[in-house]
S.K.: 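If you scroll down you'll find the structure; I have some questions about it.
Computation of the quantities below employed the complete heavy-atom set of this structure, encompassing side-chain atoms and omitting hydrogens, waters and symmetry-equivalent molecules. Remember, it's 1-based here, ligands and their atoms both numbered in the order they're listed. Since this is a predicted model, take the numbers as computed values, not measurements.
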Amino acid sequence: MTFDYDLFVIGGGSGGVRAARVAAQDTGAKVALAEEDRYGGTCVIRGCVPKKLMVFASGYGAMAEDAQAYGWKMMAGGFHWPDFQARMHTELDRLEGVYRNLLRNAGVETFDQRARIADPHTVELADGTRKTAKHILIAVGGRPVKPEMQGAELAITSNDIFHLEELPKSMLIIGGGYIASEFAGILNGMGVATTQFYRGAQILRGFDDEARGLVSEEMCKRGVDLHLGTNILEMRREGKGIWVKATNGDERVFDQVMFATGRAPNSDNMGLEEAGVELGRKGEVIVDDYSQTAVPSIYAVGDVTDRANLTPVAIREGMAFVETVFKGNPTKPDHDLIPTAIFTQPEMGTVGLSEEDAREQEPIEVYATSFKPMQQSFAGRAERVLMKLIVSQTTRKVLGCHIVAPGAGEMIQLAGIAVKMGATKEDFDRTVAVHPTMSEELVTMKTPVRTG
Ligand code: NDP
């Protein structure tokens, strides 16, 4: 049987674009890709990239204050959102152009419309055209979800925050995950009176308790009005604002409310189940270790599979798919020991097991130090950083590394290599400290603070 294409990719985000490009470029496969929105997907258009630019933007106010302690005669003027926003969108347009060029130069044919599965080898485009392919890759990502409640339509999500015409004077963020905690810091840094409600006992559930405790404490010190054990009960429009009733009985009016209450896979109305693809409870596409679905010709990568919902992981999954299907080299994407950063303020970098999870698994030693870093302390700030290692008593391997500090994301990338290689505490100790830095503490901690 002949097909129109060797590969048809649905979704032009990180995973889909990488798989399409590499399959076409490295193997000469005939590849097409359909994208209904903008190329680059969540990461480039409404996620990691604009978020990180906003993190940078929000940090300059404090930096300008600190500069005075270093002898600079300057004052930060006010933050002007429209100026920054226009520049940010120009940058996103540029990046979208880069993604389109990558595909074009690799010879991938693109369709700027929605596509769905018609049968295991056929894709139907929104205009009714049908295309056949030997393999189909689902890389359609995910979307933010709002809880079902009266008035939910009044609130925005992270998709909308990059398009606000003006910055609100006050904002309520609901949730305690990556997105909620990152935007609480960003908006606070931009001068918005920021309140965060999280229903649990501490934000960033699942991460090391001591690390998330410090992030939360420092966020509050910097001005985020964080309410733990608190959720939203009701909301309604009141004048130009939104009236909110909280579970703790508080009633307040905010200019804007944002839900950051999780994301769901974009698997609806894709013709997946009709074609025999299995979906999980959240709507995630169920795949095996090689990203193959229950239908042998259909594979899926990235957030739609709800494995580790991170751009570099989607890219790895896309590359492993091409190795397996187009290069005859069956390759499983490796989901073990993924280093990751949370761009809260202060930033957190983490790899491996939390102290709590490691202790469930085996006897451990905990090495940790928390101190005021030189740069901020000189400027009169009382903020603290944390460097922490979890070590196996039996193998001496470093099972987890947790950093809360400015630049923690950059640090954990490098510490992640050592942990991935199976470095022991003694390997860390043998490494000479880089002085004076914050991360030198990772190789100079001599005595465990806790064992067991
Ligand atoms: P998360 O799943 O991380 O967090 C969702 C939060 O919303 C949790 O605190 C959850 O509480 C809370 N929540 C869920 N439902 C409700 C509800 N009905 N009412 C009140 N609160 C609720 O999702 P995010 O949206 O923050 O992020 C999605 C994913 O995006 C992440 O898992 C991550 O993989 C990725 N991401 C990664 C980033 C990075 O690498 N820096 C940055 C941003 C996103 P509870 O804990 O009680 O369940």
S.K.: Could you list which atoms of ligand 1 come closer than 4.0 Å to a heavy atom of Asn309?
M.R.: 33 (C), 34 (O), 35 (C)

S.K.: Among all protein heavy atoms, pick out the one at the shortest distance from atom 18 (N) of ligand 1; state its residue, atom name and that distance to 0.1 Å.
M.R.: Pro147 CB, 3.5 Å

S.K.: Regarding Thr110 and Glu35, do their side chains bring together a donor and an acceptor under 3.5 Å, going by distance alone?
M.R.: no

S.K.: Looking only at protein heavy atoms, identify the closest one to atom 9 (O) of ligand 1 and say how far it is in Å.
M.R.: Gly176 N, 2.9 Å

S.K.: Can you list the atoms of ligand 1 that are under 4.0 Å from a heavy atom of Ala260?
M.R.: 5 (C), 6 (C), 7 (O)

S.K.: Would you say Gly175 and ligand 1 have an N/O pair spaced under 3.5 Å apart?
M.R.: no

S.K.: Students should be able to answer this: which protein heavy-atom is nearest to atom 20 (C) of ligand 1, and at what distance?
M.R.: Asn231 ND2, 3.2 Å

S.K.: Looking only at the side chains, is there a donor atom on one of Arg252 and Thr195 sitting less than 3.5 Å from an acceptor on the other?
M.R.: yes

S.K.: Does the side chain of Thr424 pick up a donor-acceptor pair with the side chain of Asp427 at under 3.5 Å?
M.R.: yes

S.K.: Around atom 5 (C) of ligand 1, find the nearest protein heavy atom and jot down its residue, atom name and distance.
M.R.: Gly262 N, 3.5 Å

S.K.: Heavy atom to atom 3 (O) of ligand 1, shortest distance: which of Pro312, Gly177, Ala308, Gly206 holds it?
M.R.: Gly177

S.K.: Suppose I only count heavy atoms of Lys51 and a 4.0 Å limit; which atoms of ligand 1 are within that range?
M.R.: 41 (N), 42 (C)

S.K.: Does a salt bridge link Lys425 with Glu365, judged by any charged N lying under 4.0 Å from a carboxylate O?
M.R.: no

S.K.: Between the side chains of Tyr198 and Gln196, does any donor sit under 3.5 Å from an acceptor?
M.R.: no

S.K.: Below a 4.0 angstrom heavy-atom separation, can you tell me which part of Ile232, side chain or backbone, both or neither, approaches ligand 1?
M.R.: neither

S.K.: Measure the distance from atom 42 (C) of ligand 1 to every protein heavy atom, then report the residue, atom name and distance (to 0.1 Å) of the closest one.
M.R.: Glu182 OE1, 3.3 Å

S.K.: Note the single closest protein heavy atom to atom 16 (C) of ligand 1, along with its residue, its atom name and the distance in Å.
M.R.: Arg199 NH1, 3.3 Å

S.K.: Looking only at protein heavy atoms, which one is nearest to atom 7 (O) of ligand 1, and what is the separation?
M.R.: Thr261 CA, 3.2 Å

S.K.: Any chance the side chains of Thr157 and Arg263 put a donor and an acceptor closer than 3.5 Å?
M.R.: no

S.K.: Under 6.0 Å from the CD atom of Glu251, do we count more than 12 heavy atoms belonging to anything else shown?
M.R.: yes

S.K.: Does any N or O atom in Leu310 lie less than 3.5 angstrom from one in ligand 1, N or O only?
M.R.: no

S.K.: Hey, would you say the His135 and Phe321 ring centroids sit under 6.0 Å apart?
M.R.: no

S.K.: Using a strict 4.0 Å threshold on nitrogen-to-oxygen distance, state whether Arg381 and Asp66 make a salt bridge.
M.R.: yes

S.K.: Does any N or O atom in Ile179 lie less than 3.5 angstrom from one in ligand 1, N or O only?
M.R.: yes

S.K.: How close does the nearest protein non-hydrogen atom get to atom 38 (C) of ligand 1, and which residue and atom is it?
M.R.: Tyr178 CD2, 3.0 Å

S.K.: Near Glu91 CD, under 6.0 Å, is it more than 12 heavy atoms from other residues, nucleotides or ligands?
M.R.: yes

S.K.: Considering Met348, Gln202, Arg263, which one's heavy-atom position lies nearest to atom 30 (O) of ligand 1?
M.R.: Arg263

S.K.: Could you list which atoms of ligand 1 come closer than 4.0 Å to a heavy atom of Ala341?
M.R.: 39 (C), 40 (O), 41 (N)

S.K.: Mind checking whether Phe56 and Phe84 have ring centres under 6.0 Å apart?
M.R.: no

